[in-house]
Amino acid sequence: MGIISWIILGLLAGAIAKILLPGRDPGGLIGTTLIGIAGAFTGGWLSAKILDRPIQNQFFDLPTWGAAIGGSLVLLIAYRLLFGNSRD
């Protein structure tokens, strides 16, 4: 997959992570979207390096989507723990 595909995957993974983890985010919609993109890259990289699973060239690969959504969830939780009270 190219960089544009990872960005699109990250946008969708961020939206899915937001649906799975509702609530107020310190960064709002733009922050959640950026976290989704970073989570997709992080999840894909960790999947390739630690789990020794090569990144597929197909956009609709279920393990790639799982890694992207998982990475987005982890980054979203970490972001809320670090900056959770900034929008009170």
Side-chain angles (χ1 to χ4, degrees):
M1 289 193 327
I3 190 80
I4 300 298
S5 298
W6 277 105
I7 291 173
I8 293 170
L9 177 62
L11 291 171
L12 296 172
I16 292 170
K18 179 66 177 165
I19 290 169
L20 293 175
L21 195 66
R24 291 183 59 147
D25 290 324
L29 181 63
I30 294 173
T32 304
T33 302
L34 293 175
I35 288 172
I37 294 170
F41 280 105
T42 304
W45 180 78
L46 288 174
S47 175
K49 296 297 179 189
I50 294 176
L51 300 177
D52 197 30
R53 185 183 184 293
I55 298 171
Q56 300 296 320
N57 290 330
Q58 303 166 351
F59 186 74
F60 295 105
D61 180 45
L62 190 60
T64 301
W65 277 83
I69 294 169
S72 297
L73 282 170
V74 168
L75 289 181
L76 185 59
I77 290 169
Y79 187 67
R80 284 184 180 179
L81 288 174
L82 291 173
F83 303 105
N85 295 329
S86 65
R87 284 187 58 176
D88 286 342

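Numbers here simply count residues along the sequence, with the first being 1. This is a predicted model, so every value here is computed, not measured.
Atom-to-atom distance recorded for Leu9:CG and Ile4:CD1 is 12.5 Å, nearest 0.5 angstrom. The CG atom of Leu76 sits 12.5 Å away from the CD1 atom of Ile69 when rounded to the nearest 0.5 Å. Interatomic distance, CG of Leu20 versus CG of Leu73, reported as 5.5 Å (0.5 Å rounding).
Closest of all the heavy-atom pairs between Gly14 and Ser72 is N-OG, 4.0 Å.
Under the 4.5 Å side-chain heavy-atom criterion for ILVMFWY residues, no single connected hydrophobic cluster contains both Val74 and Ile37.
Considering only residues two or more places apart in sequence or on other chains, Leu34 meets the side-chain contact (heavy atoms from CB on, under 4.5 Å) condition with Ile30. Residues passing the side-chain contact (heavy atoms from CB on, under 4.5 Å) test with Ala67, sequence neighbours excluded: Ser47.
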